[in-house]
Amino acid sequence: MLRQAQENGQIDLYWEYTGTSLITYNGISERLDPEQTYATVKELDAEKGLVWLAPSAANNTYALAMRIGEAEERNIQTLSDLAAAVNSGEELSFGLNAEFYARDDGWRPLLEAYDFQVGRRDVSRMDSGLVYQALRDGQVNVGLVFATDGRIPAFHFQVLEDDRDFFPSYALTPVVRQQTLDAFPDLAEQMNALSSHLDDDTMAELNARVDVRRETVETVAHQFLSEQGLL
């Protein structure tokens with residue numbers, strides 16, 4: 001509804017994910033790297049009167065995570081490390097949400113991309129929120145997370161690097177109507193400045209302050225903007 005409202009002129013500006021526009025709004029199923037994804041949605045959405053400004057380094061895509069201590073103990077920092085550990089016979093259990101387990105671009109293609117196999121008995125399917133709890137409590141060794149979720153730093157998780165770029169890019173980016181930008185051209189510089197301060201760790205920490213420590217969105221946002229000299 002938000003995207004429709006922007007196309008209809010009811011919303012001037014909001015932050016969108018590159019992968020959402022590529023896959024959901026433009027129906028592109030081809031796997032593209034982050035730069036190609038951004039260039040594609042920028043071009044396609046320009047035809048609809050929407051301008052993609054500078055993408056941030058915050059990429060809220062799917063990711064696999066482990067508890068920091070266990071990842072260090074097992075020397076697993078990347079998904080290739082994880083695949084090598086499984087293939088060498090290490091026993092690892094996985095917590096996934098049901099959607100990712102069944103998706104055509106989800107669990108099975110991930111195993112193929114990294115060339116390892118996990119038996120069904122080693123995979124627990126559950127609600128996304130329960131995956132974080134199960135990983136935190138040691139009920140599983142590896143869990144499916146979203147890369148900027150506030151529970152990652154709060155629960156001391158290590159996101160494993162997707163070193164083969166399997167997961168689609170979901171770069172958080174300000175998108176503004178061309179008519180709005182024409183009327184307020186300073187918006188581009190202002191939003192690009194904010195975008196340059198955002199990455200996965202920053203967004204996860206800000207999200208943790210709201211979702212875990214229960215600070216208000218307004219307080220967290222105001223303090224961050226002030227600290228970055230953006231007010």
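For this chain, numbers begin at 1 and follow the sequence in order. These figures come from a predicted structure and were not determined experimentally.
The 12-atom threshold is not exceeded at CD of Glu43, counting heavy atoms of other residues, nucleotides or ligands nearer than 6.0 Å. For CD of Gln179, the number of neighbouring non-hydrogen atoms (other residues, nucleotides, ligands) closer than 6.0 Å is 12 at most. In Arg125, the CZ atom is not crowded: 12 or fewer heavy atoms of neighbouring residues, nucleotides or ligands sit closer than 6.0 Å.
The ring of Tyr132 has its center no closer than 6.0 angstrom to the ring center of Phe155.
Checked against salt bridge (charged side-chain N to carboxylate O under 4.0 Å, His left out), Glu205 has the following partners two or more places apart in sequence or in another chain: Arg213. Residues forming a salt bridge (charged side-chain N to carboxylate O under 4.0 Å, His left out) with Glu70 (at least two apart in sequence, or on another chain): Arg67, Arg74. Under the salt bridge (charged side-chain N to carboxylate O under 4.0 Å, His left out) criterion, Asp45 pairs with Arg3, Lys48, not counting sequence neighbours.
Remark: side-chain polar atoms of Asn97 are paired, donor with acceptor, to backbone N or O of Glu99 under 3.5 angstrom. Counting only distance, with no hydrogens or angles, the side chain of Thr37 and the backbone of Asp33 share a donor-acceptor pair below 3.5 Å. Of the possible polar contacts, one joining the Asn60 side chain to the Thr148 backbone as a donor-acceptor pair under 3.5 Å is found. Checked by atom type and distance alone, the side chain of Ser21 never pairs as donor or acceptor with a backbone atom of Thr18 at under 3.5 Å. Between the side chain of Asp81 and the main chain of Thr78, a donor-acceptor pair closer than 3.5 Å is present.
Side-chain contact annotation: Gln6 with Gln10, donor-acceptor N/O pair under 3.5 Å absent. Between the side chains of Ser195 and Asn192, no donor-acceptor pair is found at a separation under 3.5 Å. Using modelled atom types, one finds no donor on one side chain facing an acceptor on the other under 3.5 Å when comparing Arg151 with Gln133. Looking at Tyr14 and Glu16, their side chains do bring a donor and an acceptor atom within 3.5 Å of each other. In summary, the side chains of Asp162 and Tyr114 do present a donor paired with an acceptor at a separation below 3.5 Å, with no hydrogens or angles considered.
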Between side-chain atoms of residues 165-175 and protein atoms elsewhere (two or more places apart, or another chain), which donor-acceptor pairs fall under 3.5 Å?
| from | atom 1 | to | atom 2 | distance (Å) |
| --- | --- | --- | --- | --- |
| Thr173 | OG1 | Ala171 | O | 3.2 |

Quick one: side chains of residues 115-123, donor-acceptor pairs under 3.5 Å with protein atoms, not counting sequence neighbours, listed by atom name and distance.
none

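Taking every heavy atom of both residues into account, Ser196 and Ala193 meet most closely at OG-O, 2.6 Å. Ala147 and Ile152 get closest at one heavy-atom pair: O-CD1, 3.5 Å.
The stretch residues 173-197 participates, sequence neighbours left out, in no salt bridge (charged side-chain N to carboxylate O under 4.0 Å, His left out) pair at all.
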*asked:* Go through it in stages, so that I can follow the logic: the residues are Met66 and Ile76, the test is side chain to side chain contact (heavy atoms under 4.5 Å, CB included), and I'd like the CA-CA distance, side-chain angles, deciding distance and then a yes or no.
replied: CA-CA 9 Å; Met66 299 178 66; Ile76 298 176; 3.9 Å; yes
